[in-house]
Amino acid sequence: MATTTAPVTAAAHAPAESGTGLWSWITTVDHKRIGALYGVTAFTFFLIGGLEAMLMRIQLAKPENTFVSPDVFNQLFTMHGTTMIFLAIMPLSASFFNFMIPLMIGARDVAFPRLNAFSYWVFLFGAIFLNLSFFLGGAPDTGWFGYSNLTSSQYSPGHGVDFWAIGLQILGIASLAAGFNFIITIVNMRAPGMKLMRMPVFVWMTLVTSFLIIFAFPVITVALVFLLFDRLTGTNFFAPAMGADPVLWQHLFWLFGHPEVYILILPAMGIVSEILPTFSRKPLFGYPVVVYSGIFIGFMGWGVWSHHMFSVGLGPIADSFFALTTMLIAIPTGVKIFNWIATMWGGRLELKTPMLFAIGFISMFIMGGLSGFMHASPPADLQQTDTYFVVAHIHYVLFGGSMLGIFSGLYYWFPKMTGRMMNEGLGKLHFWLTILAMNVTFFPMHFVGLLGMPRRVYTYAPHMGFDTMNLISTIGVFGIALSLLVFIWNFLTSSRSGALAGPNPWGGATLEWAIPSPPPVYNFGTVPTVHSLDPLWAKDGAEISRTANQVRGHIHMPPSSVWPAVSALGMAMLMSGMLFGWWVGIPGLVIMLVGLYSWAFEPCH
Amino acid sequence: MAVADVAAHAAPHEEHPTTTGLNSRKLVFWAFLGSECMFFGSLIATYLVYRGRDQAGPHPHEIFSIPFTSFSAFVLLMSSLTMVLALAAIQRGNQRNGAIWLAATALLGMTFVGGQCFEFTEFFYKGLTLQGNLFGCTFFVLTGFHGTHVSVGVIWLWTLFTMAVRGKIPKEKSLDVEIAGLYWHFVDVVWIAIFTLVYLIQ
Amino acid sequence: MADQEHRPHEHSHPGAKEYLAIAVVLTVITAVEVAIFYVPQMKPVLVPSLLTLSALKFSLVAMFYMHLKFDHRLFSWLFVVPMVLAAVVILALMKLFGVF
């Protein structure tokens, strides 16, 4: 019920920007701030994971090297994998979900802002807990998939595996909370007129990813429960002597683990689906097909898990079944690739940095997909599995795929988040260094893998044909490190003194480009009504932009709250009490209950 | 200007309009229950996969008392009835009756948990331990998680009871009770699955 | 607005009588299940009949007590899809481990 018809000044009705002190960050429920927190934290862990990789590569630069001991090497590959997957790629994706989803759907925030903050704090505490292991007796050293019964207390008597299992449980809660939040946000908080088939592809991929999270994480939760029960109370879930089957762990882990890899790649695919049209000046080719492929991948991803277990002895029927489903799942992926290429075909290409990374994503992901497809054949995989051939595959899809997609998104949306442009010259340098260095690092791994070099080995004998290629890979890793330095320099200097961006420096089509850069705390002055896909490219695009910037009436933003952080701390303490003892666990329980009850009964939400 | 402000603030707890027209908290709770299906599904799968693999006893048929467990299954089913009656009362604005039915539900839930504790103690004295054999660990972890869920539900119900007694759950806030009800019925439904798959089909 | 899906004039919205009737049905089904367990002649059909009966109890609680029958279909989808997925996972693992 407006009392005037003219747009009222923002100062009169719109909430003021948030404070800047530490407390304002601890109590923030603003999705944009939470996105920034995720991004900075995740990128820090990305660098830590990269350091772990560098140390490994130095050790492997020459045969029979003694740079690190075998025991330290085992901790490095375990933590590198765990860190990159759970502390880097997933939270980097979460950073994008947080920052961009509300903006792209025309919402003022996510459905449950405090739950959103809670997810971040739980992630942070889980990440810290996991990494404490380095200082408290040794990091986990059983590989990032923690196969039983190597992980039993008999064969892993230290606390490393406990840190790993408890750490992942804590992190799992963060992911689950975020998954629930984004499903409801996307389903229930869209701008008027934004039907499902008018949502940006990135939003669709986030929705599919979120469903995968909420259905897959419970399975690994159960697996970790069994592992912790075995280790801490002497049960026999994975004890062969008592009739149990260690392969059960593998089934439960990969029932989670395969959807997990789609959780890792779908967001990057979504990002790239936004960037290619913008820099081809052409709408995405076959939007419905790209969406349906993503949904299809989400469903089919549940039917392929035992392709990680072809060497375990499942039998010919099981092997054949999973080989078939794995080959089938290449189809929707391939479909997306063709649609992306068709988007560029005939377009007016602008090879700016985000576009270079997006195109890089397509080519590197194809390469990773091809080696993946080769794994789909059980006889071939019997040789490839557990060798560097798999390491090549995963790094092409996770670095060449997910990370390039994430970098693409970073360059694309940096102007929106900060209001400034990144330096284009440095961006291009980063890109070319990355593409060159990553191929130098990972391409030789295909060959050493096929020659039989196993993964997770701290050294190798000379004259087996591995020497030169390992050295080349190690040199490549330094190239990656250099490329990251370029990126970090660009990021920091551009944040301070990059050229001012304005609302839509790239001429993008989606709603986030209608509002100022950086957006005001309330995002949209008035939530516009959309009538099509690519709203800013539609006939009423200018009208939509105008509406988005008009503040009409009072805007109520959810107030800050400390209880998500308190609850997160309590929960992390409670879980870590399994390792540290009741003197941490019981206070943690109390703190968590205080946090949760205060959260539930907090007034004025 | 002031009028508009007041109008916007008149119902601070009024839900924002949603795309589907459906309440976000209710939607997220159903999504959560879906996720819990996968959690309990994995626990049940493990129980079923390991069933019959033990060399060492005790074995299910030596331990289970079907009459006892049938009774506690009945108790839990009845608690779903009292739960839905509590919700109906709150939805009619009758907080007194709502409180009574909430208390009844919580008490039946506590009876169930008490029964579980008794049952587990009996099993323990018959030699079934967490560490003893596969039946022990798969059974106790599965039913233990279920019992923990019931216990959390009981605490939730007593909290709502206290609020209803203080008149803090008018019919506009019946969703709070509805969601607790969904949780409670889900926990009941999981027990229906466990009772059949673990106890009756041995 | 929160009650939009309740449609206050819906005549099929259950009341106390219907809830009680369902509780009676649930009790009866449970008794039948226990009877099937004890009656030796039922042994050959024990598994399918118990699975059917418990599925029936499950549905009654979900549709009526959890109100899924009267609510928007989206709620049912949110629950049924993961429930089916869980059932498939259980069956797949049982098959892979040679239970059947």
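Contact count against chain C (heavy-atom pairs under 4.5 Å) is highest for B:L81 among B:T69, B:L77, B:L81. Ranked by heavy-atom pairs under 4.5 Å with chain B, the first of C:F64, C:W77, C:F37 is C:F37. Of all the listed residues (B:S80, B:S70, B:G52), the one sharing the greatest number of non-hydrogen pairs under 4.5 Å with chain C is B:S80. The candidate from C:V89, C:L93, C:T27 with the greatest count of non-hydrogen atom pairs under 4.5 Å with chain B is C:T27.
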Full working for side-chain contact (heavy atoms from CB on, under 4.5 Å) between B:L22 and C:L74:
CA-CA 9 Å; B:L22 305 174; C:L74 180 55; 4.1 Å; yes
With side-chain contact (heavy atoms from CB on, under 4.5 Å) as the criterion, how do B:L87 and C:H67 come out once you've worked through the C-alpha distance, each side chain's angles and the decisive distance to 0.1 Å?
CA-CA 11 Å; B:L87 175 62; C:H67 215 252; over 6 Å; no
Should B:T20 and C:H72 be marked as a side-chain contact (heavy atoms from CB on, under 4.5 Å) after you check the CA-CA gap, both sets of side-chain angles, and the distance that decides it?
CA-CA 10 Å; B:T20 57; C:H72 192 282; 5.8 Å; no
What's the verdict on side-chain contact (heavy atoms from CB on, under 4.5 Å) for C:L51 and B:I201, showing C-alpha distance, side-chain angles and the deciding distance?
CA-CA 9 Å; C:L51 288 177; B:I201 303 180; 4.0 Å; yes
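At most 12 non-hydrogen atoms from other residues, nucleotides or ligands lie less than 6.0 angstrom from CE of B:M110. Enclosure of atom CZ in B:F124 is not indicated, since only 12 or fewer non-hydrogen atoms of other residues, nucleotides or ligands lie within 6.0 angstrom. More than 12 heavy atoms of other residues, nucleotides or ligands lie within 6.0 Å of NZ in B:K126, so this atom counts as buried by the packing criterion.
Here the CG-CD distance, from C:D71 to B:E178, works out to 6.5 Å after rounding to the nearest 0.5 Å. One distance of note links CG of B:L76 with CG of C:L26; it measures 11.0 Å at 0.5 Å rounding.
Neither the backbone nor the side chain of B:R51 comes within contact range of chain C, judged by heavy atoms closer than 4.5 Å. Contact annotation for B:T196: only side-chain heavy atoms (C-beta onward) come within less than 4.5 Å of a heavy atom of chain C. C:V47 touches chain B through backbone and side chain together, each having a heavy atom under 4.5 Å away. Proximity to chain C is absent for every atom of B:E36, based on heavy atoms less than 4.5 angstrom apart. With a 4.5 angstrom heavy-atom cutoff, C:L53 does not touch chain B via any of its atoms. Interface remark: C:L46 contributes side-chain atoms only to the contact with chain B (heavy atom separation under 4.5 Å).
Ring orientation note: the planes of C:F75 and B:W30 are tilted relative to one another, at an angle of 30° to 60°.
Two residues are said to be in side-chain contact when any heavy atoms from C-beta on lie closer than 4.5 Å; C:Y65 and B:D188 fail this criterion.
Between B:G41 and C:I90, the closest heavy-atom pair is O-CG1, 3.5 Å. Of all heavy-atom pairs spanning C:L78 and B:A31, the tightest one is CD1-N, 4.2 Å. Between C:Y38 and B:P67, the shortest heavy-atom contact is OH-CD, 3.1 Å. Between B:I192 and C:S54 the shortest heavy-atom distance is CG2-O, 3.6 Å. For the residue pair C:V34 and B:I66, the shortest heavy atom distance occurs at CG1-CG2, 4.2 Å. In plain terms, the two heavy atoms of C:M66 and B:F186 that are nearest each other are CE-N, 3.9 Å.
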